[in-house]
Amino acid sequence: MSRYRLQPSPGQERALLEHCAHARFVWNLAVEQHAHWKAGRVSAPGFAEHCRQLTEARAAFEWLRAGSIIVQQQALKDFAQAMANFFGKTHRRPTWRRRGRDEGFRIVAVKTSEVRRLSRRVGELRVPKIGWVRFRWSRAVPEGVKSYRVTRDALGRWHVAFAVIPDPIPAPGTGAVVGVDRGVTVAAALSTGELLTVPALREAEQTRLRRLRRKLAKAKRGSNRRGRVKQAIARLRARESDRRKDWVEKTSTDLARRFDVIAVEDLKIAAMTRSAKGSMQELGRNVRQKAGLNRGILANGWGALVKRLEQKAPSRVRKVNPRYTSQTCNGCGHRAAESRESQSRFRCVACGWRDNADVNAAKNVRDTAAGHAVAARGGLPLGEPANREPQRDLLLVE
């Protein structure tokens, strides 16, 4: 996706919100229909049936007929794809869309003449029922644009994303392999010794965010004061999110350009960030500590970094088993939990090897992906076969 900042006029913004409302309306109707379906009943309506129902609804209601049929049909198309992803067990079941949070719509069958450049930093595109809307020409629009999606974030900023898959970044061809260890204190530690951190909110910004949260807790629901406080919180949150996205883009591009193979741990982030609150019958333990850990994992963009790496460097990202990578000495291969003295210090109890704990783990990830070593010397428990490196002296015996 190539995303650009939209610059609509006040009248155009009201029309864009109408498009978002129509797309959200037909999406929620589809969700409601599927919510009534149960096993043994006739199957819920599909995309073709939804389109027929939409035609009847547009004929019956003038306010719906005044909107763009492309926007409404593509909302149903998105819902059909979301249900297919749910039944394919790759995504969760689609849920309700709310005003102010899920604002956006998609336009297809875009012609080349409907996107044009006006000046060095300004371009415009044609939106159905609205006309030409300007956007910031921050970089060249990719050729062959067939569709785009317009979205509005919690801060009220409008963006347009053109659905064009960019070319992957070519490999340098040096044969270099790098291991990446993701953490909470250090977002990404490289086997080269580099420690990369996500630029978060500054101390003054965090202090202001805490004060705004206290104000929000005291503000009356529905009041203008509460709306202003929520807007200020959204502004800080958007600043934090923008910095994280910028870091992910720059870091993934840098790694894809410098290394032929990028090794990362195969982490199940969705399971790792699951809440520990438990249920009414069995309450969870250390809920607040686990919630803090979850926030740290999500704030460091673990999943976004690997996703962008796989998109920019396809077939060059290797996922390895993370088992014991932080407890194994990269110098001698000895594994012991006592070797990791603290979050940042690693000292092997067998050979005395010293290194940064995250860098040592990144080196183990790199070596595992490169085939030079195994993640845990000694094999798996329960008497299963041991994985060991070939012994040079034994191979030389005649």
Side-chain angles (χ1 to χ4, degrees), residues 3 169 176-207 209-210 236-276 288-313 316-328 330 340-346 355-369 375:
R3 198 172 73 146
I169 297 175
V177 182
V178 66
V180 182
D181 179 74
R182 290 165 288 172
V184 176
T185 304
V186 178
L190 307 186
S191 56
T192 57
E194 301 170 66
L195 301 178
L196 310 178
T197 56
V198 177
L201 293 178
R202 295 187 293 270
E203 185 62 32
E205 294 171 331
Q206 294 178 3
T207 301
L209 182 60
R210 288 192 293 267
L236 287 174
R237 283 300 187 189
R239 190 177 303 171
E240 181 183 25
S241 177
D242 290 344
R243 291 173 184 173
R244 179 169 56 250
K245 292 178 181 178
D246 180 71
W247 178 85
V248 167
E249 293 295 332
K250 291 179 178 178
T251 303
S252 58
T253 299
D254 178 62
L255 293 177
R257 287 175 176 173
R258 290 167 53 192
F259 302 99
D260 285 331
V261 177
I262 305 165
V264 297
E265 295 173 305
D266 188 12
L267 301 176
K268 310 301 181 185
I269 299 176
M272 294 175 64
T273 55
R274 190 170 294 136
S275 174
R288 295 191 64 180
Q289 293 86 338
K290 183 62 168 59
L293 176 63
N294 294 349
R295 286 194 296 268
I297 292 175
L298 297 175
N300 281 290
W302 286 10
L305 178 60
V306 175
K307 180 179 179 181
R308 294 300 286 149
L309 282 172
E310 291 176 334
Q311 293 171 348
K312 296 179 181 181
R316 293 197 284 134
V317 178
R318 302 285 186 271
K319 293 185 177 181
V320 303
N321 188 351
R323 198 176 189 187
Y324 303 126
T325 53
S326 62
Q327 301 178 8
T328 305
N330 188 256
R340 184 155 187 170
E341 297 180 339
S342 66
Q343 185 277 327
S344 60
R345 293 195 302 271
F346 184 93
D355 202 347
N356 181 279
D358 296 326
V359 174
N360 178 78
K363 292 178 179 178
N364 289 329
V365 173
R366 175 203 61 190
D367 293 344
T368 303

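Index from 1, following the sequence.
Listed here is the closest heavy atom pair of Phe259 and Val177: CD2-C, 4.3 Å. Closest approach of Val186 and Leu196 over heavy atoms only: CG1-O, 3.6 Å. For Ala263 against Ala369, the heavy-atom pair with the smallest separation is CB-CB, 3.3 Å.
Partners of Asp246 under the side-chain hydrogen bond (donor to acceptor under 3.5 Å, both in side chains) rule, at least two apart in sequence or in another chain, are Lys250. Partners of Glu205 under the side-chain hydrogen bond (donor to acceptor under 3.5 Å, both in side chains) rule, at least two apart in sequence or in another chain, are Arg202, Arg239, Arg243. Under the side-chain hydrogen bond (donor to acceptor under 3.5 Å, both in side chains) criterion, Thr207 pairs with Arg210, not counting sequence neighbours. Residues passing the side chain to side chain contact (heavy atoms under 4.5 Å, CB included) test with Thr253, sequence neighbours excluded: Ile169, Arg257, Lys312. Residues forming a side chain to side chain contact (heavy atoms under 4.5 Å, CB included) with Val198 (at least two apart in sequence, or on another chain): Ala187, Arg244, Trp247, Asn300. Applying the side chain to side chain contact (heavy atoms under 4.5 Å, CB included) test to Ala357 and every residue at least two apart in sequence or in another chain returns Arg340, Phe346. In terms of the side chain to side chain contact (heavy atoms under 4.5 Å, CB included) criterion, residue partners of Val306 (sequence neighbours excluded) are, by chain and number, Arg182, Val264, Glu310, Lys319. For Arg237, the side-chain hydrogen bond (donor to acceptor under 3.5 Å, both in side chains) test picks out Glu240, with sequence neighbours left out.
Taken to the nearest 0.5 Å, the CD atom of Gln206 stands 5.0 Å off from the CD atom of Glu203. Of the inter-residue distances, the one linking Arg323 atom CZ with Thr328 atom OG1 reads 11.0 Å to the nearest 0.5 angstrom. In this structure, the separation between CG on Leu190 and CG on Leu195 is 8.0 Å, given to the nearest 0.5 Å.
Listed by first and then second residue, the salt bridge (Lys or Arg N to Asp or Glu O under 4.0 Å) pairs involving residues 259-269 are Asp266-Lys268 (not counting sequence neighbours). Applying the salt bridge (Lys or Arg N to Asp or Glu O under 4.0 Å) test to pairs two or more places apart or on separate chains, none has a residue in residues 296-307. Applying the salt bridge (Lys or Arg N to Asp or Glu O under 4.0 Å) test to residues at least two apart or on different chains, none of the pairs has a partner in residues 183-192.
Put simply, the side chain of Ser191 does not reach to within 4.5 Å of the side chain of Val365, judged on heavy atoms. Side chains of Thr368 and Asn321 form no contact here, defined as non-hydrogen atoms less than 4.5 Å apart.
When the options Thr192, Asp181, Asp355 are evaluated for a side chain to side chain donor-acceptor pair (under 3.5 Å) with Lys363, the one that passes is Asp355. Of the listed residues (Val180, Leu309, Leu255, Val261), just one forms a side-chain contact (heavy atoms from CB on, under 4.5 Å) with Val317, and that residue is Leu309.
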Checking side-chain contact (heavy atoms from CB on, under 4.5 Å) for the pair Arg366/Asn330: CA distance, chi angles, key distance, verdict?
CA-CA 10 Å; Arg366 175 203 61 190; Asn330 188 256; 4.2 Å; yes

Gln343 vs Asp358, side-chain contact (heavy atoms from CB on, under 4.5 Å): CA-CA, chis, key distance, verdict
CA-CA 8 Å; Gln343 185 277 327; Asp358 296 326; 3.2 Å; yes

Decide side-chain contact (heavy atoms from CB on, under 4.5 Å) for Leu305 and Ser252; before the verdict, give the C-alpha distance in whole Å, the side-chain angles of both, and the deciding distance to 0.1 Å.
CA-CA 6 Å; Leu305 178 60; Ser252 58; 4.3 Å; yes

